[in-house]
Amino acid sequence: MLEDILNYAYEGYVLVDNQGKIVKMNYEKLMGIKEEDALGKPVEGVIENTRMHIVVKTGVKELRDVQRIQGHDMITNRIPIVKNGRIIGGVGTVLFKDVSEVKELAHQLLDLQSKINKYRGEIERIQGTRYSFDSIITRNGKMEYLKKVGRKAAESNSTVLITGESGTGKEMFAHAIHKASYRKAEAFIPINCAAIPRDLLESELFGYEGGAFTGARKEGKPGKFELATGGTIFLDEIGTMPMEMQAKLLRVLEAKEFERIGGNKKIDLDARVIAATNENIEEEIRKGKFREDLYYRLNVITIDIPPLRDRPEDISLLAENLLEYLIKEMRTEEKELSPETIKILRRYSWPGNVRELRNVLERAINLSSKTLILPEHLPERVLNRINYNLGNKEEVEPLKDIIREAEKEAIRKALILTNGNKSLAAEKLGIHRTALYKKMEKYEMEDYY
Ligand SMILES: Nc1ncnc2c1ncn2[C@@H]1O[C@H](COP(=O)(O)OP(=O)(O)OP(=O)(O)O)[C@@H](O)[C@H]1O
Ligand SMILES: [Mg+2]
C-alpha cells in the first residue's frame, strides 16, 4: 500500500542511504530504468543530474529545484532523512515531469483568478447599492409593522408581493428581504417586466437554447430565473406582465421547474420570488388584465406600502435623513432645512413619494448657496403653484428643443396626475408603455419629477 501511495503521489521518487546508494526507487515512467537494476548503485551513476548524494552529505534540503532529465526540466524535492541528529539517508521526489506542466497550471490558476475577480465584480455590480431593513427609515406604525413582516418573510422561502405607489420603497423592501435571508450571499436578480418588450420577456425570464429562434445567440442564454438560482428574483412591475406570460409564470411557480425556450432540460426553480407592482392588481383582475390565480399564488405574503402622504410623520424624518445622505454623496458642505421649508414639505401631497422627496432635496441642495435651505429652493409644484406651461420666453428656440421640452413636460404632467403609474401615464399620453420608458430614459427622467 505504501508503495502504491508513493507511486501515485509522485511522478518518480528515489530513496538513498547516507552514502548516496539507492535503497528504493521508481523512475521507470520517467527514464525507463527498472528498480532491480539500480538497487545498491550510487545514485549519481543512475539518475541524470541528481544531487541526492550531495544532499545526504550537506543535510540541506533542496525544494522545487529544476532538474534536467532526458531533455525535460523536472521539478524535484530533495530531503535528507535525519535520525537522532545523524543523516541516515535521503529521499528525492519528482513533482512535475516537465516545467511546462507547471506553467500550464500557473496559467490555469491565473485564469481562474481573473474569472473569480470578474464574477466578484459582477456580483457587486448586481447587488449594487444594497438596502437593508435598517436603511428603511420610518416612524410610522404601519411601516414599522411592515418591516417586521418583511423580516419574518426573509426567514421563509415564500413568495412576497410588494405593492405601493411609485417611489414608496418597494425595491428597498425587496433588497432588504433578500439581504436578511439565507440567500444573501447569492445573486439578487431584478427584472422590470414593464421595460422589456413583450415578445422578449419570455426569453429574458427563462433563457433560450442555441438556435431556438432567429436572432438567438448560437450558444444560448440563461434567463433571469436561472441566474437567480440559489438567490432571489425580483419581478418588478409584475402588473404589466402580458396574460400569456402570466399563465406561463404560474405554471413555473406551481411546478417549481422550467426549461429554456427551445430546450428540453428541466431546471429546478430554486429562487425566492419577490414581485412588486404599483398598479392596483385587484382592479386589474376585475378588468381581466391580471390572472386571479397568479395573484393568489404570488400573494403569499403581502407588503402594502402606504404612500408618503398617509404617513406625514415620516416626511420631516425622511427629509432630514435624505438630506444628510445626499450631502455626503454629493460631497457638498453641511446644509439645513429652514423651519418654513419643513412646513411646506409636510403640506405637499408627494405623488412621487419618497423618490420625489429625494429629488426635491437634491435640487434644493444645488440651488441653495448658503447653509439654509429656504422655500425658494423648492420647485413650484411643491409650493403649490403647479405650472405646466412652457413659459413665456421671448426668443424663439430650435423646434427640436421646444418639442423636447414639451415632451418632457407632458410626461411629467402625466406622471404627476397618475401618481407615477407609468402604465396609466402611457395610456393617457397615447403611447406604448415601452415607448414611455424609452423617452424617460432618453430624457434622463428615470426618477420622478
Ligand atoms: N423608507 C425609506 N427610507 C429611506 N429612503 C427611502 C424610503 N423609501 C424610499 N426611499 C428612497 O426612495 C427611492 C425610491 O425607492 P424605490 O426605488 O424602492 O421605490 P419603488 O417603490 O420601487 O418605486 P417604483 O415603483 O417607481 O419603482 C429610493 O432611492 C430610496 O432611496
Ligand atoms: Mg421600483
Side-chain angles (χ1 to χ4, degrees), residues 127-151 160-179 188-196 232-241 274-281 302-330 345 350-363 411-412 414-416 418-426 433 436-437 440-441 445-449:
Q127 299 189 332
T129 42
R130 316 272 12 242
Y131 301 116
S132 65
F133 283 111
D134 291 334
S135 32
I136 301 176
I137 294 158
T138 187
R139 58 174 163 221
N140 170 270
K142 168 146 194 231
M143 284 292 286
E144 271 158 8
Y145 168 73
L146 290 179
K147 279 169 74 170
K148 257 194 218 130
V149 173
R151 283 209 168 88
V160 182
L161 179 65
I162 306 173
T163 57
E165 287 177 15
S166 183
T168 46
K170 295 185 293 296
E171 189 161 350
M172 283 188 101
F173 264 90
H175 278 207
I177 291 170
H178 173 73
K179 209 178 174 182
F188 176 87
I189 306 284
I191 175 164
N192 185 335
C193 304
I196 292 165
T232 303
I233 183 165
F234 177 46
L235 303 170
D236 206 357
E237 306 235 23
I238 188 118
T240 65
M241 190 178 268
I274 302 180
T277 181
N278 54 24
E279 347 242 329
N280 182 340
I281 289 226
T302 319
I303 294 180
D304 183 24
I305 309 175
L308 192 50
R309 65 181 165 281
D310 289 351
R311 42 184 168 114
E313 67 270 42
D314 271 357
I315 294 176
S316 55
L317 179 72
L318 277 167
E320 307 279 3
N321 275 282
L322 289 172
L323 186 71
E324 199 180 310
Y325 169 83
L326 287 169
I327 281 166
K328 246 191 237 139
E329 200 186 56
M330 294 161 74
L345 293 179
W350 300 106
N353 294 293
V354 188
R355 183 181 295 116
E356 187 185 10
L357 175 59
R358 187 191 148 130
N359 290 341
V360 164
L361 290 170
E362 189 172 335
R363 177 181 182 276
I411 291 171
R412 202 171 293 161
L415 286 172
I416 290 174
T418 57
N419 278 348
N421 181 330
K422 288 173 195 126
S423 296
L424 205 58
R433 210 178 48 235
L436 176 63
Y437 271 98
M440 287 176 68
E441 203 174 84
M445 294 178 73
E446 262 230 281
D447 280 351
Y448 197 90
Y449 276 80

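Residues take their numbers from the sequence shown, with the count starting at 1. First listed ligand is number 1; within each ligand, the first listed atom is number 1. Note that the structure is predicted; figures quoted are calculated from it, not measured.
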Measuring from atom OH of Tyr325 to atom CG of Leu361, what distance do you get when rounded to the nearest 0.5 angstrom? 13.0 Å

How long is the span from the CG atom in Asn192 to the OG1 atom in Thr240, to the nearest 0.5 Å?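 It is 7.0 Å, given to the nearest 0.5 Å.
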
Using only heavy-atom distances, determine whether the side chains of Ser316 and Arg139 contain a donor-acceptor pair under 3.5 Å. yes

Which pairs of N or O atoms, one from ligand 1 and one from the protein, are separated by less than 3.5 Å, and what is the distance for each pair?
from	atom 1	to	atom 2	distance (Å)
ligand 1	1 (N)	Ile137	N	3.4
ligand 1	1 (N)	Ile137	O	3.0
ligand 1	3 (N)	Ile137	N	3.0
ligand 1	17 (O)	Arg355	NH2	3.0
ligand 1	18 (O)	Lys170	N	3.3
ligand 1	18 (O)	Glu171	N	3.0
ligand 1	18 (O)	Met172	N	3.1
ligand 1	19 (O)	Gly169	N	3.3
ligand 1	21 (O)	Thr168	N	3.4
ligand 1	21 (O)	Gly169	N	3.1
ligand 1	21 (O)	Lys170	N	2.8
ligand 1	21 (O)	Lys170	NZ	2.8
ligand 1	22 (O)	Glu171	N	3.1
ligand 1	23 (O)	Gly167	N	2.8
ligand 1	23 (O)	Arg355	NH2	3.1
ligand 1	25 (O)	Lys170	NZ	2.7
ligand 1	25 (O)	Asn278	ND2	3.4
ligand 1	26 (O)	Ser166	OG	2.5
ligand 1	26 (O)	Arg355	NH1	2.8
ligand 1	26 (O)	Arg355	NH2	3.4

Where does the angle between the aromatic ring planes of Phe133 and Phe173 fall among parallel (under 30°), tilted (30 to 60°) and perpendicular (over 60°)? perpendicular

Does the distance from a Lys or Arg side-chain N to an Asp or Glu carboxylate O, for Arg309 and Glu165, drop under 4.0 Å?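 So Arg309 pairs with Glu165 through a salt bridge.
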
For the side chain of Lys142 and the backbone of Pro306, is there at least one donor-acceptor N/O pair under 3.5 Å apart?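 No, Lys142 side chain to Pro306 backbone: no donor-acceptor pair under 3.5 Å.
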
